[in-house]
2 protein chains.
Amino acid sequence: MSNELIHNFLLGFIKLHILYHAQKEPIFGQEFKKELKRHGYDISFGTLYPIFHKLENKGYLKSKQENVNGKIRKYYFITKKGERILKQSKNKAKELFDELFEK
Amino acid sequence: MSNELIHNFLLGFIKLHILYHAQKEPIFGQEFKKELKRHGYDISFGTLYPIFHKLENKGYLKSKQENVNGKIRKYYFITKKGERILKQSKNKAKELFDELFEK
DNA sequence: TATATAATAACGGAAGTCGATATCGAAAGA
DNA sequence: TCTTTCGATATCGACTTCCGTTATTATATA
């Protein structure tokens, strides 16, 4: 669906996107993947889960298992450290990105 | 210098960034790398040159060798096809990106 | 206990990344 | 005209990332 440049962009951008969503509300794999797909972006579980794990290892996310309708879900929440790095990264990324639109 | 999230972002973003600059004026490897570094972003030649080649193979860039002060430089120019993909990609990327700032 | 389901986790080949090194082509000097 | 130098591009091997696919886990229901 998307072109290769956009897919590349998404892959680099995905960690910020995940932290952003985890800041708004707890997220979990299946739903997050679906949400991306609704917007036309497809990313595999083989890519997505290792990214969750890495963000958790770095201390940017924290997870909590929950039983939802008899199914186990692993919800991810953002941490204070995650909020800091997100804020800092957003601004740096914005500098680069805005150049494209010559703001 | 930059954190890992930003470096990831840059790697996904770099192709758009290259096309954007090549649209404004001809670019070449050494100078482009230096320009990034001035802004605090570091990327190796082993990454950069293959990206130029790939963008040229796809027909988004065209190159022309020039002798500048007795040294050979390979200048890259954007093509019509490159302009099209850049325009299209910019807008898609903007959708994703703006969400971070809730515009 | 068997089956279905929704979710996470792991595997392995392909592609990307990087630091380091090699190569290239023109000019300058002997 | 050989060789050195310099700015630049190209390539290499080790490592890491990406992703389609398959495996695993846990629970509900029959």
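Reminder, nothing fancy here: chain letters follow the sequence lines and each chain counts from 1.
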Any protein N or O atoms within reach of nucleotides 26-30 of chain D? Criterion: under 3.5 Å, listing atom names and distances.
from	atom 1	to	atom 2	distance (Å)
D:dT27	O4'	A:Gly70	O	2.8

**Report entry** Interatomic distance where CD belongs to B:Glu66 and C1' belongs to D:dA8 [whole Å]
**Finding:** 14 Å
Report task. Would you mind telling me which of C:dA7, C:dA9, D:dA8 lies closest to the side-chain atoms of A:Lys34? Result -> C:dA7
Query raised in the report: So does B:Lys62 have more than 12 non-hydrogen atoms from other groups sitting under 6.0 Å from NZ?
Result: no
Query raised in the report: Does A:Lys74 put a side-chain nitrogen or oxygen below 4.0 Å from OP1 or OP2 of D:dT25?
Result: no
Query raised in the report: Closer than 4.0 Å, any side-chain N/O of B:Tyr49 to the OP1 or OP2 of D:dA10?
Result: no
**Report entry** B:Tyr76/B:Phe52 aromatic ring centres below 6.0 Å
**Finding:** yes
Query raised in the report: Are any of the side-chain nitrogens in B:Glu4 or A:Lys58 under 4.0 Å away from the carboxylate oxygens of its partner?
Result: yes
Query raised in the report: Contact class for A:Phe28 (heavy atom, under 4.0 Å): base, sugar-phosphate, or nothing?
Result: sugar-phosphate
Requested in this report: Let me know the distance between CD of B:Glu56 and P of D:dT9, rounded to the nearest Å.
Outcome: 12 Å
Query raised in the report: With distance as the sole criterion, is a donor-acceptor pair present between the side chains of B:His21 and A:Glu99 under 3.5 Å?
Result: yes
**Report entry** Value in whole Å for how far the C1' atom of C:dA7 lies from CD of A:Glu35
**Finding:** 18 Å
Query raised in the report: Does a salt bridge link A:Glu83 with A:Lys80, judged by any charged N lying under 4.0 Å from a carboxylate O?
Result: yes
**Report entry** Rounded distance in Å - CG (B:Leu10) to P (C:dG16)
**Finding:** 16 Å
Atom pairs under 3.5 Å, N or O on each side, protein against nucleotides 17-22 of chain D: can you list them with distances?
from	atom 1	to	atom 2	distance (Å)
D:dT17	OP1	A:Lys54	NZ	2.8
D:dC19	OP1	A:His7	NE2	2.4
D:dC19	OP2	A:Thr47	OG1	2.3
D:dC19	O5'	A:Thr47	OG1	3.3

Query raised in the report: Under 3.5 Å, side chain of B:His7 to main-chain N/O of B:Asn3, donor-acceptor pair present?
Result: no
Query - Nearest-angstrom distance from the residue atom CD of B:Gln30 to C1' of C:dC24 - result: 13 Å
Query raised in the report: Around A:Asn91, counting heavy atoms of other residues, nucleotides and ligands shown, do more than 12 lie under 6.0 Å from its CG?
Result: yes
Query raised in the report: NZ of B:Lys33 versus P of D:dA8: gap in Å, rounded?
Result: 13 Å
Query raised in the report: How close or far is atom C1' of D:dA8 from atom OH of B:Tyr76, stated in whole angstroms?
Result: 12 Å
Query raised in the report: Centre of A:Phe101's six-membered ring, under 6.0 Å away, within 45 degrees of the axis: is that where NZ or CZ of B:Lys90 sits?
Result: yes
Report task. Check the distance between C:dG16's P and B:Asn8's CG and give it to me in whole angstrom. Result -> 15 Å
Query raised in the report: Do A:Phe13 and B:Phe13 have ring centres separated by under 6.0 Å?
Result: no
